[in-house]
Amino acid sequence: MSKAVVTRYTVDSGLHLSRPVRIAHVSDIHERPCDDILALIRREKPDLIMITGDTFERYDNRPQYEMEHRPIKRLIVTLIHYANFLLTKLLPKKDKANIENVKRFLEGATELAPVYMSLGNHEQQLIDDDYLLLGKLGVTLLDNADTPVQVRDFSFILGGMSVWDYEEWLPTYLNKSGYKLLMCHRPNEYFDHIEDSDVDLTLSGHTHGGQIRIGKKGRGFFVPGQGVFGKFAHGRFSDGRLIISAGCSNTAACPRWFNPRELVIVEVK
């Protein structure tokens with residue numbers, strides 16, 4: 001497992017705040033060990049922790065993208081998927097998905113700050129035990145839902161957008177007044193539905209930083225939903241209104257080259 005790093009962003013809220021509000025943005029745990037990420041959060045002392053999807057591994061194991069590509073590309077993506085699936089079975093046990101890693105991370109996180117979570121594409125089949133765990137620990141799950149949040153003198157509306165069936169909820173959220181902060185797992189949905197809205201800040205994940213970063217600009221080699229050298233693999237985009245995390249785990253048999261696992265710290269000023 002590669003070393004984790006902290007990446008910092010500053011956001012101007014346009015509001016008068018007595019002091020900055022610090023948000024720890026976590027994404028793509030995938031039931032892998034994240035004790036080092038938790039240690040970094042503890043050191044950063046955030047006011048809030050926001051987890052933007054793919055914490056659990058609850059999905060059937062068919063390729064996630066096979067219907068999004070033309071036949072030849074679909075065949076290549078499918079072959080890569082199954083080759084990776086077979087190779088990951090040979091990885092050491094400690095690097096494989098294990099629900100105990102999620103329990104340990106969330107137990108520690110909820111002791112540090114309020115935790116809010118949205119869902120990702122690997123969480124389409126959550127079971128009752130998952131919901132019971134979140135409720136027991138006090139994690140606020142926002143699945144096509146939103147809630148008002150107050151941190152000192154900073155008031156905002158926090159939304160959590162699923163990667164499916166969000167068409168009914170999203171317009172209601174977008175029509176609300178006030179500072180809007182959105183957890184949206186896939187940046188694809190941001191550019192399709194949110195970029196031209198008045199959402200002030202969106203936090204995303206899903207891309208894993210492109211797995212391998214190449215060149216001076218660190219372009220991701222393969223970005224889920226964007227293909228080879230996808231532009232939106234990691235960083236800050238859309239005039240600073242979208243922040244994409246490179247994620248907290250490695251789920252592929254191939255190592256993350258020049259692409260460390262990442263905790264994102266956002267300071268709203």
Side-chain angles (χ1 to χ4, degrees), residues 5-28 44 46-53 116 118 120 142 144 146-149 151 153-163 166-167 169-210 213-220 223-227 229-247 259-260 262-269:
V5 300
V6 176
T7 303
R8 304 178 190 279
Y9 300 97
T10 300
V11 174
D12 183 356
S13 68
L15 306 172
H16 177 71
L17 304 182
S18 59
R19 69 180 207 228
V21 172
R22 179 171 291 188
I23 299 170
H25 172 207
V26 174
S27 192
D28 298 278
E44 293 295 326
D47 297 296
L48 300 166
I49 299 170
M50 298 183 185
I51 305 176
T52 57
Y116 296 86
S118 64
L142 296 175
N144 285 334
D146 55 86
T147 186
V149 178
V151 180
D153 51 354
F154 180 38
S155 299
F156 62 97
I157 305 170
L158 177 61
M161 179 176 168
S162 292
V163 295
Y166 49 78
E167 290 82 358
W169 167 78
L170 185 59
T172 302
Y173 172 71
L174 296 180
N175 285 331
K176 294 188 175 182
S177 59
Y179 190 97
K180 289 193 282 291
L181 199 163
L182 179 64
M183 298 182 293
C184 171
H185 178 67
R186 298 197 297 198
N188 311 55
E189 274 79 7
Y190 174 85
F191 290 107
D192 288 343
H193 303 286
I194 303 163
E195 185 177 23
D196 295 329
S197 74
D198 66 348
V199 172
D200 297 278
L201 178 63
T202 300
L203 304 179
S204 292
H206 183 61
T207 64
H208 293 226
R213 293 188 199 164
I214 297 175
K216 292 182 179 180
K217 294 184 178 180
R219 294 289 291 273
V223 184
Q226 302 175 40
F229 297 118
K231 181 179 179 181
F232 306 107
H234 160 262
R236 192 170 186 172
F237 303 93
S238 194
D239 297 325
R241 296 169 57 232
L242 170 66
I243 294 174
I244 303 173
S245 167
N259 175 34
E262 178 179 60
L263 168 67
V264 170
I265 295 295
V266 179
E267 282 211 340
V268 182
K269 296 187 175 182

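The first residue in the sequence is number 1, and the count goes up from there. Worth saying up front: this structure is predicted, and the values here are computed from it rather than measured.
- Between Lys269 and the options Asp12, Thr10, Leu17, a side chain to side chain contact (heavy atoms under 4.5 Å, CB included) holds for only Thr10.
- Once rounded to the nearest 0.5 Å, the distance linking CD of Glu189 with OH of Tyr166 reads 4.0 Å.
- The shortest non-hydrogen separation linking Leu242 to Ser204 is CD1-OG, 3.5 Å.
- Taking CG of Leu201 as the start and CD1 of Ile23 as the end, the distance is 6.5 Å to the nearest 0.5 Å.
- The minimum heavy-atom distance between Thr52 and Leu203, with the atom names listed, is CG2-O, 3.6 Å.
- Remark: side-chain polar atoms of Thr207 are paired, donor with acceptor, to backbone N or O of Gly209 under 3.5 angstrom.
- Within 6.0 Å of CG on Asp192 lie more than 12 heavy atoms contributed by other residues, nucleotides or ligands.
- Looking only at distances, no side-chain donor or acceptor of Ser118 sits under 3.5 Å from a matching main-chain atom of Gly160.
- Between the CG atom of Leu142 and the CG atom of Leu182 there is a distance of 10.0 Å, given to the nearest 0.5 Å.
- Across Tyr190 and Cys184, no two heavy atoms sit closer than the pair N-SG, 4.1 Å.
- The aromatic rings of Phe191 and Phe232 sit tilted relative to each other, their planes meeting at an angle between 30° and 60°.
- Residue Tyr116 comes nearest to Val149 through the heavy atom pair OH-CG2, 3.8 Å, listed as atom of the first residue, atom of the second, then distance.
- If you take CG on Asp47 and CZ on Arg22, they are separated by 8.0 Å, rounding to the nearest 0.5 Å.
- In this structure, CD on Glu262 lies 10.5 Å from CG on Asp28, to the nearest 0.5 angstrom.
- Closest heavy-atom contact between His185 and Val163: CB-CG1, 3.9 Å.
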Inset, instruction - Carefully, step by step, assess His25 and Tyr9 under the rule side-chain hydrogen bond (donor to acceptor under 3.5 Å, both in side chains). - result: CA-CA 11 Å; His25 172 207; Tyr9 300 97; over 6 Å; no
Inset, instruction - Test Tyr173 against Val199 for side chain to side chain contact (heavy atoms under 4.5 Å, CB included), laying out the working first. - result: CA-CA 9 Å; Tyr173 172 71; Val199 172; 4.1 Å; yes
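- Residues Asn259 and His234 form no side-chain contact, since every pair of their non-hydrogen atoms from C-beta on lies 4.5 Å or further apart.
- For the atom pair CG (Asp153) and NE2 (His16), the distance works out to 7.0 Å, reported to the nearest 0.5 Å.
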Inset, instruction - Show the numbers, then the answer: is there a salt bridge (charged side-chain N to carboxylate O under 4.0 Å, His left out) between Glu267 and Arg8? - result: CA-CA 8 Å; Glu267 282 211 340; Arg8 304 178 190 279; over 6 Å; no
Inset, instruction - Walk me through it: do Leu181 and Met50 pass the test side chain to side chain contact (heavy atoms under 4.5 Å, CB included)? - result: CA-CA 11 Å; Leu181 199 163; Met50 298 183 185; 3.8 Å; yes
Inset, instruction - Take Arg236 and Val11 through the side chain to side chain contact (heavy atoms under 4.5 Å, CB included) test and state the conclusion after the steps. - result: CA-CA 11 Å; Arg236 192 170 186 172; Val11 174; 3.7 Å; yes
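- Across every non-hydrogen atom of Gly205 and Pro187, the tightest pair is O-CD, 3.5 Å.
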